[in-house]
Amino acid sequence: MKVFRYEIASEPVTVHVPETTNDLDEFWEWFYQARGRGPIAVDTETTGLDVFSSTFRLRTVQFGDAHDAWVLPYERGGYFASSARDALARARHILIHNAPYDWLVLDRHAGIPLEDLAPWTTDTRVLAALIDPRQPQEGGIGTGLKPLSAYWVDPASPDTQAGLTAVFRSLGLTKETGWAGIPLEDPTFLLYAGLDVLLTARLEPKLRRELARLGVRPELVTYEHEIARLCAHMQRTGLVLDLDYTHQLDRRLRDDAQQYADQAARYGVTNVNSTAQLAEAFVGMGETLTERTDSGAVKVDKAVLSRLADLSLQGEPLDTRTPNPLAVAVLRSKRAGKWGKAYARTFLDTVDAAGRVHPFISPLAARTGRMSITRPALQTLPSSDAMIRRCLLADDGHVVISTDFSAVEMRVLAALADVRRMKEAISGGEDLHDFTARLVFGRNFTKAHRKLAKAIGFGKVYGGGAQTISRQSGAPIEDVQRALRAYDKLYPEIRRAASRWQREAFQTGMVSISATGRRLPLDRDRTYAVTNYMCQSAARDVLGQSMLNTESAGLLEYCRLPIHDELLASVPKKEAEEIAREFEKCMTWPLYGVPIEAEAEIGGRSWGSLYGADY
DNA sequence: CTTCTCACG
DNA sequence: ACGTACGTGAGAAGT
């Protein structure tokens with residue numbers, strides 16, 4: 001047995017590393033005693049983050065409480081691996097920091113199903129995010145184990161990740177190769193592996209106490225763990241990648257980017273992504289660039305380039321001037337380059353051996369509680385063109401279904417601010433922006449009137465003023481100001497609620513979301529954003545509740561991605577109609593008496609089929 | 001590491 | 001006193 005002694009918060013702690021079968025008997029003795037005393041912290045060390053790649057390996061599984069950690073060398077197999085598996089199966093209450101990752105590691109590489117582990121897990125990262133969702137750069141503690149431990153457990157707690165990176169370097173390894181390459185006997189590796197569970201075990205009671213002190217409802221904590229499990233479930237399922245098409249697309253985009261870069265080079269631009277070079281070249285061609293960025297540099301973005309290229313932002317010819325050929329080439333090269341690299345290439349880089357991509361779905365990523373999806377960022381695929389979404393497919397024999405909420409943030413606003421006439425309009429089934437336009441501009445309102453009514457609705461939800469609404473919608477500022485006054489008269493509850501919320505936020509530095517009891521920190525100099533925090537966060541919880549409804553209805557196996565106001569699914573072709581109605585039912589329910597409604601769209605085999613692609 | 005740009009809801 | 005559009009992830013350049 002290897003034994004390391006260390007000190008956390010002035011208390012001695014011990015890290016045990018079993019080396020023989022006899023050592024494992026000692027582990028089991030500790031395990032049963034510890035299980036009787038309370039929860040057991042669990043962590044894993046692995047070869048990397050790419051859980052679904054064929055080269056991924058599970059190296060160690062750690063167990064611990066506040067004083068003892070046990071690092072089981074899973075990689076050695078045999079009794080070491082089976083002990084880790086048995087202990088996980090017999091644990092009653094498990095603490096994990098960032099559980100979705102370890103759930104999926106243990107599910108895929110230790111044969112412990114997510115379904116068996118998740119119900120027994122408390123995720124300290126979830127607890128921390130409910131206390132303060134802000135990242136360090138936003139003034140929060142962050143949700144990493146290191147900063148949380150430093151704040152709640154021991155200011156001197158070691159940065160185990162940074163410490164290991166140093167060890168990697170001394171062994172001639174890098175941050176990328178270190179996790180796979182470091183010998184299983186390395187003392188720093190083993191010590192730090194043990195410290196992570198000791199810190200997690202000590203973090204949990206502190207976070208629990210703080211949640212109680214803040215009055216956070218236990219139901220919210222439970223709800224967030226359920227949502228985390230559903231997200232992990234979707235991540236495990238993943239989406240089928242059309243490999244042939246994606247390879248072809250990857251090549252085509254690379255060729256396009258190169259071809260248009262070559263065109264740009266004829267005008268002296270060697271790098272289409274260099275705004276400085278572009279600015280210089282355009283000035284040399286006699287163009288005038290007036291816009292500046294925040295830091296005072298010449299702004300050369302898509303809007304500027306499109307104007308020079310005589311194109312609308314959607315890429316349609318405007319016929320207002322002679323198109324600048326450099327601007328046209330740069331727009332095309334940049335788009336092809338980015339779409340190729342960020343999407344097509346990332347799909348191919350992350351696809352597993354079975355041909356599926358498994359994006360990281362982070363259930364509590366944004367400070368409003370919104371979920372985020374990374375690697376690949378499937379929430380941000382281009383929607384103006386089906387070419388990228390066309391890469392992703394429903395399962396064999398399935399079709400895609402996308403079920404969207406209808407104007408969910410406006411409905412949430414109507415519910416939270418109790419907006420009488422808005423609620424009447426929604427309940428009456430009338431299109432909300434039509435309704436608003438009719439009451440503000442009269443019976444014969446035009447399309448432009450509806451557009452302005454919609455823009456004002458957005459302005460309310462985002463906390464914007466007349467100037468921004470005017471800029472965004474293109475309507476003259478006077479018209480916007482007049483319409484805003486009429487809007488406030490029509491829906492007086494919005495302004496009243498907004499100032500009430502702002503006052504609260506200013507006094508407490510906090511926004512509290514009534515539906516779930518979530519609390520969000522808001523800077524005192526940004527209280528204008530309070531309405532957005534309310535709407536965005538409550539809408540996220542509407543999606544969360546709807547996801548739980550889909551599980552209750554037996555639809556979880558079909559769910560693929562949550563996209564803020566939409567659930568993407570893959571369902572058997574023959575049952576698509578029926579299942580689509582089921583999804584709509586799960587996502588249609590009243591929030592404080594306001595109907596939240598959703599509409600399902602059935603596509604073909606590829607996600608792109610919902611965006612105009614044939615297949 | 002910061003800035004700029006661009007994709008989404 | 002006044003008004004402020006919100007929230008993300010990601011690539012590339014430049015410091």
Side-chain angles (χ1 to χ4, degrees), chain A residues 133-135 137-138 257 261 270-279 291-306 313 330-331 333-343 345-346 349 359-362 364-385 387-389 402 404-405 407-409 413 455-473 480-481 484 498 502 511 520 522-537 539-540 543 561-568 611:
Chain A
R134 291 174 300 174
Q135 295 304 307
Q137 58 269 31
E138 296 170 327
T270 55
N271 187 340
V272 293
N273 287 308
S274 165
T275 48
Q277 266 190 39
L278 290 175
E291 286 187 78
R292 296 290 179 271
T293 66
D294 287 341
S295 64
V298 178
K299 190 166 197 165
V300 190
D301 65 3
K302 194 173 160 181
V304 171
L305 289 167
S306 299
L313 281 174
V330 169
L331 279 167
S333 180
K334 280 178 77 172
R335 161 172 291 205
K338 192 197 158 173
W339 288 17
K341 190 76 174 51
Y343 304 128
R345 200 59 248 167
T346 313
D349 288 345
F360 285 85
I361 306 178
S362 179
L364 271 176
R367 52 185 295 177
T368 52
R370 265 195 177 184
M371 302 161 204
S372 87
I373 301 187
T374 60
R375 214 176 149 74
L378 295 189
Q379 282 171 332
T380 70
L381 304 192
S383 55
S384 58
D385 190 303
M387 142 201 331
I388 301 295
R389 293 186 197 237
S402 159
D404 282 48
F405 291 120
V408 66
E409 292 196 345
L413 177 60
I456 290 177
F458 263 76
K460 290 288 171 192
V461 167
Y462 286 142
Q467 204 165 5
T468 327
I469 297 171
S470 162
R471 184 160 20 90
Q472 288 294 321
S473 65
V480 174
Q481 284 165 335
L484 261 174
Q502 286 203 32
V511 182
L520 308 174
L522 176 59
D523 301 336
R524 284 194 164 77
D525 56 351
R526 291 184 68 242
T527 55
Y528 66 89
V530 73
T531 308
N532 183 256
Y533 274 45
M534 284 279 178
C535 295
Q536 193 179 107
S537 190
R540 182 278 189 188
L543 179 68
L561 298 173
I563 314 181
H564 309 310
D565 67 343
E566 167 192 358
L567 271 179
L568 185 76
Y611 297 80

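These numbers come from a predicted model, not from an experiment. Below, read A as the first sequence line, B as the second, and so on, with proteins coming before strands; counting in each chain starts at 1.
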5' precedence on DNA chain C between A/Ala342 and A/Gly463 (nearest-nucleotide basis): A/Gly463
Closest-nucleotide ordering on DNA chain C, the 5'-leading residue of A/Ala466 and A/Gln379: A/Ala466
Can you tell me the distance, in whole Å, between the [atom1] atom of [X] and the [atom2] atom of [N]?
| X | N | atom1 | atom2 | answer |
| --- | --- | --- | --- | --- |
| A/Leu313 | B/dT5 | CG | C1' | 13 Å |
| A/Gln277 | B/dT5 | CD | C1' | 16 Å |
| A/Phe405 | B/dC8 | CZ | P | 21 Å |

Base-pair map of DNA chain C as dot-bracket, where | denotes pairing with a different strand and pairs are Watson-Crick or G-U under 3.5 Å: .....|||||||||.
Please report the interatomic distance [atom1]([X]) to [atom2]([Y]), rounded to the nearest 0.5 Å.
| X | Y | atom1 | atom2 | value |
| --- | --- | --- | --- | --- |
| A/Asp349 | A/Lys341 | CG | NZ | 7.0 Å |
| A/Ile388 | A/Leu381 | CD1 | CG | 7.5 Å |
| A/Lys299 | A/Thr293 | NZ | OG1 | 7.5 Å |

Once you apply a heavy-atom cut-off of 4.0 Å, does [X] come out as touching a base, just sugar-phosphate, or nothing?
| X | answer |
| --- | --- |
| A/Leu381 | sugar-phosphate |
| A/Gln472 | base |
| A/Val300 | sugar-phosphate |
| A/Ser384 | sugar-phosphate |
| A/Phe458 | base |

Could you tell me if the side chain of [Y] sits less than 4.5 Å from the side chain of [X], heavy atoms only?
| X | Y | result |
| --- | --- | --- |
| A/Leu520 | A/Arg367 | no |
| A/Leu543 | A/His564 | no |
| A/Trp339 | A/Asp385 | yes |

Residues which pass side chain to side chain contact (heavy atoms under 4.5 Å, CB included) with A/Thr275, listed by chain and number, not counting sequence neighbours: A/Val300
Nearest atoms (heavy-atom pairs only) where A/Pro382 meets A/Arg389: O-NE, 3.1 Å
Whether A/Tyr343 side chain and A/Thr380 backbone form a donor-acceptor pair below 3.5 Å: yes
Positional range of nucleotides in DNA chain C within the contact set of chain A, heavy-atom, under 4.0 Å: C/dT4 to C/dG14
Presence of donor-acceptor pair under 3.5 Å, side chain of A/Lys338 and base of B/dC6: yes
